[in-house]
Amino acid sequence: LRDAWTPRWWILTAGAMSAVALNTGFSLWTFAGLETPGFTLLLTLAIALHLYEERTDAMPWLSAVAFVGAALLRPDAVVAWFLVGAFKSARLIAPGRMARLRRIALWAAIFLAAYGVYWLWRWNYYGDFFPNTYYLKTDHNRAMMERGWRYFWDFFTVYWMWLSALALFSLWNERRAWFRPATSLLVIIAVWCLYVIDSGGDWMPFYRFFMPVIPILYVLIAHGGIDGADWLARRVRVDALGPPLGVALAAVLIFSSVRPHDTEEARNPAGFVANAEILPGAVNVDMHRSIGLWMRDNLPPEYHVALIASGIVPYYSGLPSIDMLGVNDRHIAHLDIPLGHGAAGHEKEDGGYVISRAPEIIWLDIATEPVQRDSMADYMPPLYTEWVPVKTDVTTNAYIWFLYRPVAIRLPSGWLNLLVHRSVALDALPASVEP
């Protein structure tokens, strides 16, 4: 975007990097135990390499490889890949189109040969064209769009994304150029925002669905701020005004990135831990590892466990698992349930189906609890009211208490409260307190 090592390059680089580093959402999601930071790295790298290839007419194999990595980590990288392909194809109208056509063909072939083959294998193996999460979390209805719009608007206002209007100065400067990086970045960001809105947003705080485009968004804003400062300097005919004003705008950008969530826990630096209330549902590695290892050491390897925390716990337990939220369960994901009225991504459930699978163990929470639940009454409201529908669906099922008994296991982090099939008799599972 800028000639390296110039004052304006330093303003752009330092301003954008500082804003990314101090963005509260970006900082928190970096260690929250999900794929967000890795995906953000690969997506940003792929887009940056694309701009470098367009500026230098270099062979585009590097960006293709980066896009393969990003898409393997999260398939929605294909959204950005299609846009970059459109940008590369648009230059075929300029002179030298045959050389560019060969480069585009190489770029597409690398991606399709790697990710395309994987996608075909996955489609053949699972029987669905899209990933299971697409069917679980997608419903193109009005409620989903309204929830997605609220999610976008909150992000836009909390982090002062109206600063992206500064990109208009860069778009104006590029209007007659053959290389239009700011235009490319703005289109990618705009389409990504529309994609998130259409997906219905997220239930977790700190806007993790927008984090993958935060780096290029801050770069675009800083770039536009410098162009705007230079435009104003030319208008008032003060040559030295551009860099200081660019620094001031970069400072505003950096300040806008420090926006804690509106809870007391989020404002307290000591509260930034994975199991704090500021980030519900995050992976507490020590706790979930200990639960998984307890299951591995105390349950037979053929036992099935129905659970909600269906990532790290099954990994360490090694036991066959039923994901009650349907992330990796085809039956639940394909249920015809209208979405957009509950917690995003957690609306489809089928407690009766889970019970019909007759798992030996049902675990209804996502962490150990401070309270012991070893009777049916402990699972009844108001003692047990949860926002995930499947919990209520299971505990109110007509057959659950005939088939299962509540058992509480004491672990160092708290109580592991389980529902155990009545056919199971193990020394590691204490007797229940029957109602």
Side-chain angles (χ1 to χ4, degrees), residues 1-4 35 38-131 133-134 138 167 170-171 173-196 198-199 212-217 219-220 223:
L1 296 178
R2 298 278 167 182
D3 292 333
E35 82 294 335
F39 180 67
T40 302
L41 168 64
L42 291 172
L43 185 65
T44 305
L45 178 63
I47 293 171
L49 288 171
H50 154 67
L51 295 181
Y52 170 78
E53 292 159 357
E54 290 298 288
R55 182 173 60 84
T56 63
D57 280 334
M59 293 302 289
W61 66 272
L62 286 174
S63 65
V65 171
F67 268 119
V68 170
L72 289 174
L73 189 56
R74 243 176 67 177
D76 48 0
V78 175
V79 174
W81 180 80
F82 271 114
L83 292 174
V84 168
F87 298 145
K88 290 182 179 296
S89 300
R91 292 191 59 201
L92 290 176
I93 62 175
R97 64 175 59 91
M98 290 308 298
R100 292 194 180 92
L101 182 60
R102 286 192 293 268
R103 287 196 290 269
I104 295 173
L106 172 66
W107 180 81
I110 292 173
F111 183 84
L112 294 176
Y115 185 71
V117 169
Y118 156 76
W119 186 278
L120 291 174
W121 168 84
R122 192 206 56 78
W123 185 8
N124 177 71
Y125 186 86
Y126 290 103
D128 294 317
F129 183 78
F130 292 111
T133 47
Y134 171 84
T138 302
S170 300
L171 267 60
N173 289 344
E174 294 177 359
R175 66 190 187 281
R176 295 188 179 91
W178 61 267
F179 177 53
R180 299 182 178 182
T183 304
S184 301
L185 294 181
L186 187 61
V187 170
I188 291 173
I189 292 166
V191 173
W192 190 269
C193 290
L194 292 174
Y195 155 68
V196 172
D198 182 65
S199 300
V213 295
I214 274 285
I216 61 172
L217 180 55
V219 165
L220 179 65
H223 181 52

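For the numbers below, each heavy atom of this structure counts, side chains included, while hydrogens, waters and symmetry mates do not.
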Over all heavy atoms of both residues, which pair between [X] and [Y] is shortest? Give the atoms and the distance, please.
X: Pro60; Y: Trp107; answer: O-CD1, 3.1 Å
X: Glu35; Y: Leu73; answer: O-CD2, 4.1 Å
X: Trp81; Y: Leu112; answer: CH2-CD2, 4.1 Å
X: Ile188; Y: Leu83; answer: CA-CD1, 3.8 Å
X: His223; Y: Ala182; answer: CD2-CB, 4.1 Å

- Message: Angle between ring planes, His50 versus Phe87, binned at 30° and 60°: parallel, tilted or perpendicular?
- Response: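 Judged by the thresholds at 30° and 60°, the geometry between His50 and Phe87 is parallel.
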Any side-chain heavy-atom pair from [X] and [Y] closer than 4.5 angstrom?
X: Ser63; Y: Val84; answer: no
X: Phe82; Y: Val191; answer: no
X: Leu51; Y: Leu185; answer: yes
X: Leu194; Y: Asp198; answer: no
X: Arg74; Y: Pro212; answer: yes
X: Leu43; Y: Phe67; answer: yes
X: Thr40; Y: Ile214; answer: no
X: Pro75; Y: Tyr134; answer: no

- Message: Glu53: which residues meet the salt bridge (Lys or Arg N to Asp or Glu O under 4.0 Å) condition with it, sequence neighbours left out?
- Response: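 Scan of Glu53 (salt bridge (Lys or Arg N to Asp or Glu O under 4.0 Å), adjacent residues dropped) gives Lys88.
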- Excluding sequence neighbours, so at least two apart, what forms salt bridge (Lys or Arg N to Asp or Glu O under 4.0 Å) with Glu174?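 Salt bridge (Lys or Arg N to Asp or Glu O under 4.0 Å) check on Glu174 returns nothing, list empty.
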[atom1]/[X] to [atom2]/[Y] distance, rounded to the nearest 0.5 angstrom?
X: Phe39; Y: Leu72; atom1: CZ; atom2: CG; answer: 11.0 Å
X: Leu42; Y: Ile47; atom1: CG; atom2: CD1; answer: 11.0 Å
X: Ile104; Y: Ser89; atom1: CD1; atom2: OG; answer: 4.5 Å
X: Trp192; Y: Ile216; atom1: CH2; atom2: CD1; answer: 9.0 Å
X: Glu54; Y: Arg103; atom1: CD; atom2: CZ; answer: 8.0 Å

- Atom OH of Tyr195: over 12 foreign heavy atoms under 6.0 Å: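 Yes.
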- Polar side-chain atom of Arg180 near backbone of Arg175 as donor-acceptor pair, under 3.5 Å: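 Flag set: sc Arg180 to bb Arg175 pair under 3.5 Å.
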- Thr56/Phe179 under side chain to side chain contact (heavy atoms under 4.5 Å, CB included): CA gap, chis, key distance, verdict: CA-CA 10 Å; Thr56 63; Phe179 177 53; over 6 Å; no
- Message: According to side-chain hydrogen bond (donor to acceptor under 3.5 Å, both in side chains), does anything in residues 109-129 pair up with another residue at least two apart or in another chain? List the pairs.
- Response: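 side-chain hydrogen bond (donor to acceptor under 3.5 Å, both in side chains) check on residues 109-129 returns Asp128-Arg330, Asp128-His334.
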